[in-house]
**Q** 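Below is the structure I would like to discuss, written out as structure tokens.
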Amino acid sequence: MALDENIYQLRREKLKKIEALGQESYPRRYHSTHTIPQILSQYGQKTTEQLESPRVNVRVAGRIMAIRLMGKAGFAHLQQAGQRLQIYVKKDAVGENGLELYKLLDLGDHIGVSGYLFRTRTGELSVHVEEITFLSKDLLPLPEKWHGLTDVELRYRQRYVDLIMNREVREVFLKRSRLVQSFRHFMDSHGFIEVETPMMQPIAGGAVARPFITHHKSLDMKLYLRIAPELYLKRLTVGGLDRVYEINRNFRNEGLGWRWNPEFTMLEFYQAYADYREVMELTQNLLTQAAIDVTGGTRVKFGEHEIDWSQSNWQRLTMRQAILEYWPEAAGTKPQLSDFATHDSVRILVQRFNQARPHMAYDPNEPTGKTIANLFEAVVEEHLVQPTIIYEFPLAVSPLSKKKADEPDWTERWEIFAGQMELSNGFSELNDPEDQRSRFEQQLKERERGDEEAHQMDEDYIRALSYGMPPAGGVGVGVDRVAMLLTDSHTIRDVILFPLLRPERPAEDAAERSLL
RNA sequence: GGGCGCGUAGCUCAAUUGGCAGAGCAACUGACUCUUAAUCAGUAGGUUGAAGGUUCGAUUCCUUCCGCGCUCACCA
């Protein structure tokens, strides 16, 4: 703390000395001829002789990540775009003034150098510097050069330092960017148009979750941060936007965990005249393409596993089949499909399962379909490492999807799982306003029963459906989770630049900062 | 919210059974015109997360609190 402040003051004084040498302390621009990655790729393979005739003059800028001074000469490494280039500074070439400036530089400072390329005795491509231009001072010390920044909390809190020090982190976020690009390109090329719908909503609908509450002052109105864009996007299909998508944040007021951050990014899209099977195919293609675009192939390391995103590796099971398939031996003989038919038979399944592994919560008053969905999560989810589509979901947990024609307790809905996570959710959209009204009413009963997350009534949405919504398939894809799988990240915080954290200790730290 | 674990210099980590709080890097001073974890000599840097307790003596043991991580529950 005190030391940190000392360094800060010392470096401020160095900055004044740098000004005294005739350098601007915070200049406005620097004209480079090359970026460091350009130099490395264009000249990385050239021999000493090739670099000598003709001589290659360069101007290049970067942040000092290593610096070594040996009396009247020195070496440093400049970092730009995650790559490093060595520079060689000697008094004969930069003059008295240049060497004085070099002596005032610290790890973390930004400089620009002009000079020519050469190879050192050990063969490293370097810039033989003729002129140094000071660009910006690092007043706070960077973490230790060898171990870098490893403290997990500091990495999230001070992501800027994390990005400077850890190249893999930079790589993860470049891949995340490519992922979003891939999704956009895929949707655009399939005739979808991108839209933005409200993030602040008077009724938080379209998903089952507890919302964040906020308030609009001049309207004196309670607003919710959206938990899903669903109901607005479907209003747009009513309006004739037959293929729409949105990539944006949802906010859910829930606990945090390796798969959960309170704000997370979803790709959500709707395709008119399609049913759940068509959008299932589309989403499978979307994800396979994303794996290729982000990683260059379909086989992607994820921890101990290798996930194969190629089309032939995808599995499809109904929810009921999956429970049979992964029923644990310890819980006795596998159930039969008929065991899902009645409340009592499902209750017996739960009892058998809980005797073997007593950790599934069970409320005998909840709808049977909800129990089956919970049973699925308890029995199956941990087994789904390779891309798997689970389809046919209980009506009770699917208030917005169409019923199966032949089984009205089940819906035309699927979810995609991989890496033990739910990645995507899609269904044939319910577009019958009267059915929708009774589903909402059913949810209101759940709410009265104490389920805070049950859906609220949305009269305007029902009015929109009453104008006639075309048949449509709709899909949501969890962008953060896909990013995790494609970057071998095992917590969602590693794919979110600034994950939600408790604020820093206010008293001490604020006092400290005001000193700086 | 429950369980487990962690918190020591700016960073990464030590400290024997409870016995003088240390190292490397970073920083400062000096030497050094091909180094790359540069090297060499020296200097400085700490309320051991906080409060309380046990003890002649606590970084170490106990209690409470704070923060972080992992995990379980709710959720995608």
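Every chain is numbered from 1 and lettered A, B, ... according to where its sequence line falls, protein lines coming before strand lines. Side chains are part of it too, since the values below use all heavy atoms of this structure and drop only hydrogens, waters and symmetry mates.
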**Q** Check each residue of residues 260-270 of chain A for a non-hydrogen atom within less than 4.0 Å of any atom in RNA chain B, then write out the ones that pass by number, or none.
**A** A:Trp260, A:Asn261, A:Phe264
**Q** Go through it in stages, so that I can follow the logic: the residues are A:Lys46 and A:Leu117, the test is side-chain contact (heavy atoms from CB on, under 4.5 Å), and I'd like the CA-CA distance, side-chain angles, deciding distance and then a yes or no.
**A** CA-CA 10 Å; A:Lys46 303 283 191 215; A:Leu117 296 176; over 6 Å; no
**Q** Is the ring pair A:His128/A:Tyr116 parallel, tilted or perpendicular, if the boundaries are 30 and 60 degrees?
**A** parallel
**Q** Contact class for A:Phe251 vs. all strands (heavy atom < 4.0 Å): base, sugar-phosphate, or nothing?
**A** nothing
**Q** Side-chain donor-acceptor pairs under 3.5 Å in residues 254-263 of chain A, sequence neighbours left out?
**A**
unit_1   : atom_1 : unit_2   : atom_2 : d
A:Glu254 : OE2    : A:Arg210 : N      : 3.2
A:Arg259 : NH1    : A:Glu381 : OE2    : 3.4
A:Arg259 : NH1    : A:Gln420 : O      : 2.9
A:Asn261 : ND2    : A:Glu263 : O      : 2.9
A:Glu263 : OE1    : A:Arg249 : NH1    : 2.7

**Q** Applying a 3.5 angstrom cut-off to the pairing atoms, does RNA chain B sit in any stems of at least three consecutive Watson-Crick or G-U pairs? List them by first number.
**A** B:1-7 with B:66-72, B:10-13 with B:22-25, B:27-31 with B:39-43, B:49-53 with B:61-65
**Q** Check the distance between B:A73's C1' and A:Asn354's CG and give it to me in whole angstrom.
**A** 14 Å
**Q** Whole angstroms only, please: what is the OH-P distance between A:Tyr88 and B:C34?
**A** 5 Å
**Q** Tell me: CD of A:Glu13 to C1' of B:A27, nearest whole Å?
**A** 13 Å
**Q** Please tell me which of the listed nucleotides, B:A27, B:C75, B:C34, lies nearest to the side chain of A:Glu254?
**A** B:C75
**Q** Does B:C28 have its OP1 or OP2 closer than 4.0 Å to a side-chain nitrogen or oxygen of A:Lys14?
**A** yes
**Q** Drop me the distance from A:Lys17's NZ to A:Arg11's CZ, to the nearest 0.5 angstrom.
**A** 13.5 Å
**Q** With P as the reference atom in both, quote the distance from B:U60 to B:A41 in angstrom, rounded to an integer.
**A** 35 Å
**Q** Report yes if the side chains of A:Tyr276 and A:Thr411 come closer than 4.5 Å at any heavy-atom pair, otherwise no.
**A** no
**Q** Give me the distance, rounded to whole Å, that separates B:A21 from B:G46 when you measure between the C1' atoms they each carry.
**A** 8 Å
**Q** If I take atom CD1 in residue A:Ile492 and atom C1' in nucleotide B:G69, what distance separates them, rounded to the nearest angstrom?
**A** 17 Å
**Q** What are the two closest non-hydrogen atoms of A:Glu268 and A:Pro229, and how far apart are they?
**A** OE1-CD, 3.3 Å
**Q** Could you work out the separation of B:G49 and B:A9 based on their P atoms and round it to a whole Å?
**A** 8 Å
**Q** Categorize A:Arg481 for me: base, sugar-phosphate, or nothing, with a 4.0 angstrom heavy-atom threshold over every strand shown.
**A** base
**Q** When you compare the side chain of A:Leu125 with that of A:Leu51, does any pair of heavy atoms fall below 4.5 Å?
**A** yes
**Q** Tell me the closest heavy-atom pair linking A:Glu415 and A:Asn425, and the distance in Å.
**A** CG-OD1, 3.8 Å
**Q** Report yes if the side chains of A:Tyr232 and A:Glu246 come closer than 4.5 Å at any heavy-atom pair, otherwise no.
**A** no
**Q** Given the P atoms of B:G24 and B:A14, what is the spacing between them in whole Å?
**A** 16 Å
**Q** From B:C28, B:G10, B:U35, pick the nucleotide closest to the side chain of A:Asp106?
**A** B:C28
**Q** Find every protein N or O atom lying less than 3.5 Å from an N or O atom of nucleotides 3-7 of chain B, and list the pairs.
**A**
none

**Q** Grab the CD-P distance between A:Gln9 and B:G10 for me, whole Å please.
**A** 16 Å
**Q** Reckon A:Val208 touches a base, only the sugar-phosphate, or nothing at all at heavy-atom distances under 4.0 Å?
**A** sugar-phosphate
**Q** Look at the rings of A:His383 and A:Tyr326 and say which category their plane angle falls in: under 30° parallel, 30 to 60° tilted, over 60° perpendicular.
**A** parallel
**Q** Which whole number of Å gives the distance between the C1' atom of B:U59 and that of B:G7?
**A** 11 Å
**Q** Of the nucleotides B:C34, B:C70, B:A27, which has the atom closest to the A:Arg121 side chain?
**A** B:C34
**Q** So what does A:Asn425 hit on the nucleic acid, given a heavy-atom distance under 4.0 Å: a base, only sugar-phosphate, or nothing?
**A** nothing
**Q** As a test of reading the structure: which of B:C70, B:G69, B:C34 is closest to the side chain of A:Arg493, going by heavy atoms?
**A** B:G69
**Q** Are any non-hydrogen side-chain atoms of A:Arg252 and A:Phe264 less than 4.5 angstrom apart?
**A** yes
**Q** Could you measure the distance from the CE atom of A:Met421 to the CE atom of A:Met484? Nearest 0.5 Å is fine.
**A** 4.0 Å
**Q** Rounded to the nearest angstrom, tell me the gap between atom CD1 in A:Ile164 and atom C1' in B:C11.
**A** 14 Å
**Q** Supply the atom-to-atom distance A:Trp309 CH2 to A:Thr288 OG1, rounded to the nearest 0.5 angstrom.
**A** 8.0 Å
**Q** Using residues 68-75 of chain A as the side-chain source, report each donor-acceptor pair under 3.5 Å to any protein atom, sequence neighbours left out, with the distance given to one decimal.
**A**
unit_1  : atom_1 : unit_2  : atom_2 : d
A:Arg68 : NH2    : A:Gln86 : OE1    : 3.0

**Q** Can you work out whether A:Thr120 or A:Arg252 has the more 5'-proximal nearest nucleotide on RNA chain B?
**A** A:Thr120
**Q** Nearest to the A:Ile7 side chain among B:A27, B:C68, B:C74, which nucleotide is it?
**A** B:A27
**Q** Among B:C34, B:A26, B:A27, find the nucleotide with the atom closest to the side chain of A:Pro141.
**A** B:A26
**Q** Which whole number of Å gives the distance between the P atom of B:A26 and that of B:A37?
**A** 12 Å
**Q** Considering only the P atoms, how many Å lie between B:G22 and B:A44, rounded to the nearest integer?
**A** 13 Å
**Q** Out of B:U33, B:A27, B:U35, which nucleotide sits closest to the side chain of A:Lys90?
**A** B:U33
**Q** For A:Phe376 together with A:Phe417, are the ring centres under 6.0 Å from each other?
**A** yes
**Q** Quick one, A:Pro141 and A:Leu107 - any side-chain contact, counting heavy atoms below 4.5 Å?
**A** no
**Q** Nearest whole Å is fine: how far is B:A26 P from A:Ile64 CD1?
**A** 14 Å
**Q** Nearest 0.5 Å please: distance from the CD1 atom of A:Ile7 over to the CZ atom of A:Arg12.
**A** 15.5 Å
**Q** With hydrogens left out and only the distance checked, is there a donor-acceptor pair under 3.5 Å joining A:Gln86's side chain and the base of B:U35?
**A** yes
**Q** Taking only the C1' atom of each, what is the distance from B:C40 to B:C32 in whole angstrom?
**A** 9 Å
**Q** What nitrogen or oxygen pairs link the protein and nucleotides 30-32 of chain B at under 3.5 Å?
**A**
unit_1 : atom_1 : unit_2  : atom_2 : d
B:C32  : N3     : A:Gly71 : N      : 3.2
B:C32  : N4     : A:Gly71 : N      : 3.3

**Q** Please give, in whole Å, the distance from B:C11 P to A:Leu107 CG?
**A** 16 Å
